[in-house]
Amino acid sequence: MKKVVEVKNLTKEYKELKAIDDLSFDVLEGEIFGLLGPNGSGKSTTINCILQLINFKKGSIKIFGKEMKPNSYDIKSKIGVVFQDVAVFNELTVYENIDYFCGLYINDKEKRKKYVDDAINLVGLNDFIKFRPKKLSGGLLRRLNIACGIAHKPKLIILDEPTVAVDPQSRNNILDGIKKLRDDGATIIYTTHYMEEVEILCDRIMILDKGKILASGTSDELKKLANIEEKITVELDNLEEEKINKIRTLKNVEDVSYDGSNLIVTYKKGNNNISKFMDYLKGEKITYNKIFSERPTLNDVFLELTGKELRD
Ligand SMILES: Nc1ncnc2c1ncn2[C@@H]1O[C@H](COP(=O)(O)OP(=O)(O)OP(=O)(O)O)[C@@H](O)[C@H]1O
Ligand SMILES: [Mg+2]
């Protein structure tokens with residue numbers, strides 16, 4: 001598969017701080033590439049370097065097979081960027097904003113009208129085209145920000161945390177829109193610190209921490225990195241400490257926690273864990289209200305890899 005973005009040995013320092021530390025990765029044509037990491041891990045800095053908006057100490061960036069330089073306007077015209085901070089004109093209406101940004105690249109009036117309409121449809125702003133940004137809710141404003149960035153139908157789209165502080169309806173609309181852009185042929189880099197988003201959206205994921213790659217791969221590949229295979233939750237009251245300790249010694253059990261009403265038992269690889277555990281509970285005469293089993297989430301993987309919550 002063709003490489004749309006090639007980043008090699010990228011290093012960016014702010015005085016003593018290594019914001020990006022010898023980072024190398026590729027983004028392949030037609031994929032949604034998730035750049036995941038906690039606050040300050042270097043997501044926005046990586047994007048700014050890829051776009052050559054800031055200078056960096058070391059490394060090379062290729063886009064569409066060509067070296068990216070600060071004045072590579074031919075390459076830049078094929079990229080759509082949705083920055084983390086909303087950047088639209090307050091004096092212009094929704095329609096005029098999208099038309100303005102699209103007009104930076106598309107001169108032909110008729111073509112532009114079609115492109116602007118497509119963008120409005122994609123983000124579902126049809127009922128708001130005459131509104132000015134100040135009148136829009138946070139979610140609608142984010143959707144306008146996205147429409148402005150993608151209206152010229154760029155081949156590469158970079159979105160920096162486009163769903164921060166939006167309501168669930170706007171979030172779903174945005175995620176559906178991004179999938180549609182991919183299905184229409186765009187390559188997408190999507191940064192976020194929401195695990196569940198990359199899990200449902202991204203073809204491949206790279207987890208960044210302190211400017212370094214912590215792990216990368218498909219969601220399934222990342223889950224295999226974790227030692228835990230299965231998480232069993234049991235709803236039950238009044239479980240004594242000694243019984244909990246005994247559970248800790250069971251075969252394949254990795255970790256046990258109990259908060260007074262939920263017992264969570266994580267298992268390493270192994271088969272039929274839940275049925276064996278139910279048999280065990282029966283043998284011990286431990287009664288419960290509910291029991292269910294889950295596969296580990298990306299959040300569990302991240303916790304195991306780093307020992308901390310991703311969302312901070
Ligand atoms: N202009 C700057 N001057 C000094 N330090 C900076 C500057 N921009 C970013 N940094 C630092 O570089 C590191 C990476 O920041 P960056 O904004 O890339 O993180 P991020 O992953 O995008 O975080 P967030 O999720 O908060 O947007 C942070 O420690 C940040 O404080
Ligand atoms: Mg950022």
Side-chain angles (χ1 to χ4, degrees), residues 5-27 32-61 63 68 70 76 79-88 138-139 141-146 148-150 156-167 170-171 174-175 178 188-202 204-217 219 222 297-299 301-303 305-312:
V5 179
E6 294 164 73
V7 175
K8 282 209 175 76
N9 307 111
L10 182 66
T11 300
K12 167 74 189 172
E13 291 174 354
Y14 291 109
K15 296 201 176 125
E16 284 89 61
L17 176 83
K18 260 197 185 160
I20 304 294
D21 191 358
D22 200 31
L23 186 68
S24 300
F25 65 94
D26 298 326
V27 180
I32 302 180
F33 183 83
L35 196 52
L36 184 72
N39 291 128
S41 56
K43 304 180 296 292
S44 298
T45 306
T46 303
I47 287 173
N48 289 332
C49 291
I50 289 176
L51 295 168
Q52 290 277 7
L53 297 174
I54 52 176
N55 49 28
F56 42 87
K57 191 177 172 204
K58 209 179 107 215
S60 76
I61 312 280
I63 299 185
M68 179 75 170
K76 287 191 180 184
I79 306 177
V81 192
V82 179
F83 287 105
Q84 187 165 358
D85 297 319
V86 173
V88 295
L141 190 61
R142 284 267 159 200
R143 280 147 72 171
L144 171 62
N145 199 39
I146 292 171
C148 291
I150 58 91
L156 170 64
I157 298 170
I158 302 180
L159 300 122
D160 196 356
E161 306 211 32
T163 57
V164 162
V166 303
D167 54 41
S170 275
R171 177 182 299 258
I174 290 169
L175 298 181
I178 291 167
I188 293 166
I189 300 180
Y190 185 87
T191 92
T192 183
H193 55 263
Y194 296 123
M195 288 283 188
E196 3 22 305
E197 284 190 356
V198 291
E199 219 167 336
I200 57 171
L201 189 68
C202 298
R204 282 193 312 136
I205 300 157
M206 182 169 92
I207 304 179
L208 268 189
D209 195 24
K210 298 193 181 106
K212 276 190 192 276
I213 300 175
L214 207 61
S216 69
S219 167
L222 290 176
T297 62
L298 271 185
N299 204 39
V301 174
F302 189 84
L303 258 171
L305 291 174
T306 66
K308 66 179 180 200
E309 290 281 356
L310 177 56
R311 224 177 286 185
D312 54 8

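FYI, the numbering just counts along the sequence from 1. One-based numbering, in listed order, for ligands and for the atoms of each.
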Numbering as shown, the atoms of ligand 1 that approach Glu161 to under 4.0 Å (heavy-atom distance): 24 (P), 25 (O), 27 (O)
Minimum heavy-atom distance between Glu199 and Leu298, given as atom pair plus value: OE1-N, 3.6 Å
Under-4.0 Å heavy-atom contact between protein and atom 29 (O) of ligand 1: yes
Residue and atom, protein N/O/S, under 2.8 Å of the Mg ion (ligand 2): Ser44 OG, Gln84 OE1
Atom 16 (P) of ligand 1 - nearest protein heavy atom and its distance: Thr45 OG1, 3.5 Å
Of Asp167, Leu159, Val166, the residue whose pairing with Thr163 passes side-chain contact (heavy atoms from CB on, under 4.5 Å): Val166
Contact with ligand 1 for Ser41, non-hydrogen, under 4.0 angstrom: yes
Minimum-distance protein heavy atom relative to atom 26 (O) of ligand 1: Asn39 ND2, 3.0 Å
Residue, atom name and distance, where the atom is the protein heavy atom closest to atom 14 (C) of ligand 1: Gly40 O, 3.4 Å
For residues 8-18, run the donor-acceptor check on the side chains, cut-off 3.5 Å, and write out each pair with its distance to 0.1 Å, sequence neighbours left out.
residue	atom	partner	partner atom	Å
Asn9	ND2	Asp22	OD1	3.1
Thr11	OG1	Asp22	N	3.1
Lys12	NZ	Asn55	O	2.8

Test item: side-chain donor near acceptor, Ser170 and Arg143, under 3.5 Å: yes
Distance (rounded to the nearest 0.5 Å) between Asn145 CG and Phe83 CZ: 9.5 Å
Min heavy-atom dist Lys15 to ligand 1 below 4.0 Å: no
Protein heavy atom at shortest distance from atom 31 (O) of ligand 1: Leu17 CD2, 4.6 Å
Residue that, paired with Leu51, satisfies side-chain contact (heavy atoms from CB on, under 4.5 Å) out of Thr46, Ile158, Ile61, Ile63: Ile158
Face-on cation placement of Arg171 at Tyr194 ring, 6.0 Å and 45° thresholds: yes
Side-chain heavy-atom pair Leu208, Leu23 within 4.5 angstrom cut-off: yes
For atom 27 (O) of ligand 1, closest protein heavy-atom neighbour: Gln84 NE2, 2.9 Å
Check: Ile188 and Ile178 side chains under 4.5 Å, non-hydrogen atoms: yes
Tyr190-Glu197 side chain donor-acceptor pair, cut-off 3.5 Å: yes
Distance-only donor-acceptor check, side chains Ser44 and Asp160, under 3.5 Å: yes
Nearest non-hydrogen protein atom, atom 17 (O) of ligand 1: Ser44 CB, 3.9 Å
Distance from atom 3 (N) of ligand 1 to nearest protein heavy atom, with residue and atom: Tyr14 CD2, 3.4 Å
Ligand-side contact atoms (ligand 1) for residue partner Pro38, heavy atom cut-off under 4.0 Å: 21 (O)
Short N or O distance, Gly37 and ligand 1, threshold 3.5 Å exclusive: no
Short side-chain to backbone donor-acceptor contact, Lys43 and Gly37, under 3.5 Å: yes
